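Just so it is clear, the model here is predicted, and its values are computed rather than measured.
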Amino acid sequence: MPKAVILALLKRVASIDLPEILVEVEKGIFKSDLSKLQNEIQETRYSSGQYKCPFCSDDHIVKNGKVKGNQRYLCRNCCKSFSQQTQTPTAYSKKEIKVWIDYIECMIKGYSLRRCAWECGINLATAFFWRHKILDALSSFMGKGEVDGLVEADECYLRYSYKGNHSKSTRFKMPRAPRKRGGESVGKRGLSSEQVCIGTALDRTGNILIGMIGTGRAKYDNLKCFFEGYIAPHSILCTDSAHGYGKLAIQLDLEHKAIPSGKHTNGIYHIQHINAFHSNFKSFLQKFRGVSTKHLHSYLMWFKWIELFKDEKEILKIQKVYVQSQASYSLISNEMIRAREPLFV
């Protein structure tokens, strides 16, 4: 279409619709030229300046020809051949990269698995495994992180869930009677081993720590494993009046500010940010209609990623998810996802 015709059509578009049109044009340009993404993946993965083998991490590698336009390499140490897609979510995938980009866009928009499968023209089971492969790779890329300065910390609880289709499983047996949604509550009252404790901490610069630290009430040993090495010394730890944090602050050389029970602030110190974080997290989980505890770590990392990049434009979020999931080596298969166990700190 001639440039003059396109400009004439744009002039007729209402100013309200113009931003949406520009976003779609930007997405079209982005998906039509993926070479820039491949270069960015390469720069991110090899930011240290050295190519390393994904199998043995040795840097003595040489080029080993091309297959369908993709450069392959050979490790002189372990003698294994690999490409840039080895041990990434897209490894061995028969779908084009554009389909993966479309799927990531659906994830960013918060679509259900069924809608993701419909939008991308893939099977429902494929949509499920793609989601967890991408989330696993993002978790590897982000790592656990670190908090510093004024740190708010608290824990929240979710019921232990065995969600999944176990009717045809020959290796899984429910350890308790199933609970019917909408029926009477079954199980122990209060905090017990039937609930998962999720440790959370964030500082005033936006850094986040989040992870499953055990079942039942938070214990000192679990809190120490969660924080030790991931919170800078001499930081100010701001918590509620729960036991364990005072001893933890002494052990990790932290200044402890406890908010008295029944109050919201202690001078300039408060835990309102972490409480809002918990509220947003539980709202985030609601659209999934429950998450199996064995997959919960992936969703914790997904929510952390969303919080870290919530101010970015949608097109940049899609680019970042694709680049970051491809830039880190993540060896995970469909069978490993099926047999996964809950990942506690």
Side-chain angles (χ1 to χ4, degrees), residues 142 144-161 185 187-286 291 293 296-297 299-308 310-311 342-345:
M142 289 191 297
K144 188 172 178 179
E146 182 178 297
V147 288
D148 191 6
L150 181 55
V151 179
E152 298 181 28
D154 199 3
E155 62 279 347
C156 64
Y157 295 86
L158 296 175
R159 301 187 75 171
Y160 203 109
S161 172
S185 176
K188 301 176 183 178
R189 297 183 62 183
L191 297 180
S192 68
S193 59
E194 293 186 3
Q195 290 181 310
V196 179
C197 179
I198 301 172
T200 54
L202 53 86
D203 59 27
R204 296 297 166 85
T205 59
N207 298 314
I208 299 170
L209 288 182
I210 187 168
M212 297 187 293
I213 63 176
T215 55
R217 192 177 298 276
K219 302 177 181 62
Y220 168 75
D221 291 339
N222 294 343
L223 289 173
K224 186 178 180 182
C225 288
F226 179 68
F227 282 102
E228 193 171 25
Y230 301 100
I231 182 170
H234 309 296
S235 295
I236 301 174
L237 184 64
C238 190
T239 69
D240 57 16
S241 57
H243 297 291
Y245 286 108
K247 181 180 178 181
L248 180 71
I250 295 173
Q251 290 290 326
L252 300 183
D253 192 19
L254 307 172
E255 182 180 352
H256 184 218
K257 299 293 183 180
I259 307 301
S261 180
K263 292 188 177 181
H264 300 288
T265 61
N266 182 9
I268 63 172
Y269 303 104
H270 61 81
I271 54 173
Q272 294 176 0
H273 292 145
I274 199 74
N275 289 335
F277 181 83
H278 290 167
S279 178
N280 293 337
F281 171 63
K282 291 181 179 179
S283 297
F284 163 78
L285 284 184
Q286 282 182 353
V291 171
T293 299
L296 183 57
H297 175 76
Y299 288 90
L300 294 177
M301 294 298 104
W302 180 224
F303 180 70
K304 176 180 176 178
W305 191 95
I306 290 173
E307 287 293 302
L308 291 175
K310 60 185 177 183
D311 296 328
L343 183 59
F344 293 102
V345 175

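Here the closest non-hydrogen pair linking A249 and H256 is CB-CB, 3.6 Å. Heavy-atom minimum distance, L252 versus E228: CD2-CG, 3.9 Å. Among all heavy-atom pairs drawn from T200 and D154, the shortest one is OG1-O, 2.7 Å. The nearest pair of heavy atoms linking S193 to T215 is O-CB, 3.6 Å. In this structure, F226 and G211 approach most closely via the heavy-atom pair CE1-N, 3.7 Å. Heavy atoms only, all atoms of each residue included: K224 and L248 are closest at CA-CD1, 3.6 Å.
For the atom pair NZ of K304 and CZ of F277, the computed distance is 9.0 Å after rounding to the nearest 0.5 Å. Note that CD of E146 and OG of S235 are 8.0 Å apart. Values are rounded to the nearest 0.5 Å. Rounded to the nearest 0.5 Å, atoms CD1 (I210) and CZ (F281) are 5.0 Å apart. Distance check: E307 CD to W302 CH2 gives 12.0 Å after rounding to the nearest 0.5 Å. For the atom pair CD (Q195) and SG (C156), the distance works out to 10.5 Å, reported to the nearest 0.5 Å. From L343, atom CG reaches atom CG of L296 across 10.0 Å, with rounding to the nearest 0.5 Å.
Within the 4.5 Å cutoff, no side-chain heavy atoms of F303 are placed close to those of L285. Using a 4.5 Å cut-off on side-chain heavy atoms (C-beta onward), L150 and D203 make no contact. Here the side chains of Y160 and P342 are in contact, with some heavy-atom distance below 4.5 Å. Between L223 and Y245, some side-chain heavy-atom pair lies under the 4.5 Å cut-off. E155 has its side chain out of reach of I198: every pair of non-hydrogen atoms, C-beta onward, lies at least 4.5 Å apart. Side-chain contact between I231 and V151 is present, with heavy atoms from C-beta onward closer than 4.5 Å. Residues I236 and L254 fail the side-chain proximity criterion, which asks for heavy atoms closer than 4.5 Å. Between I213 and F344, every side-chain heavy-atom pair lies at or beyond the 4.5 Å cut-off.
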T239 and L237: CA distance, side-chain angles, deciding distance, side-chain contact (heavy atoms from CB on, under 4.5 Å) verdict: CA-CA 6 Å; T239 69; L237 184 64; 3.7 Å; yes

Apply side-chain contact (heavy atoms from CB on, under 4.5 Å) to the pair E255 and H234, showing each step before the final yes or no. CA-CA 6 Å; E255 182 180 352; H234 309 296; over 6 Å; no

Could you walk me through whether S161 and V291 pass the side-chain contact (heavy atoms from CB on, under 4.5 Å) check? CA-CA 7 Å; S161 172; V291 171; over 6 Å; no

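Salt bridge present: E152 and R204 bring a charged side-chain N and a carboxylate O closer than 4.0 Å.
The backbone N or O of A218 sits nowhere less than 3.5 Å from a side-chain atom of N222 that would complete a donor-acceptor pair.
The neighbour count for Y230 OH, taken as heavy atoms of other residues, nucleotides or ligands under 6.0 Å away, does not exceed 12.
Using a 30° and 60° split on the angle between ring planes, H273 and H270 fall in the perpendicular class, above 60°.
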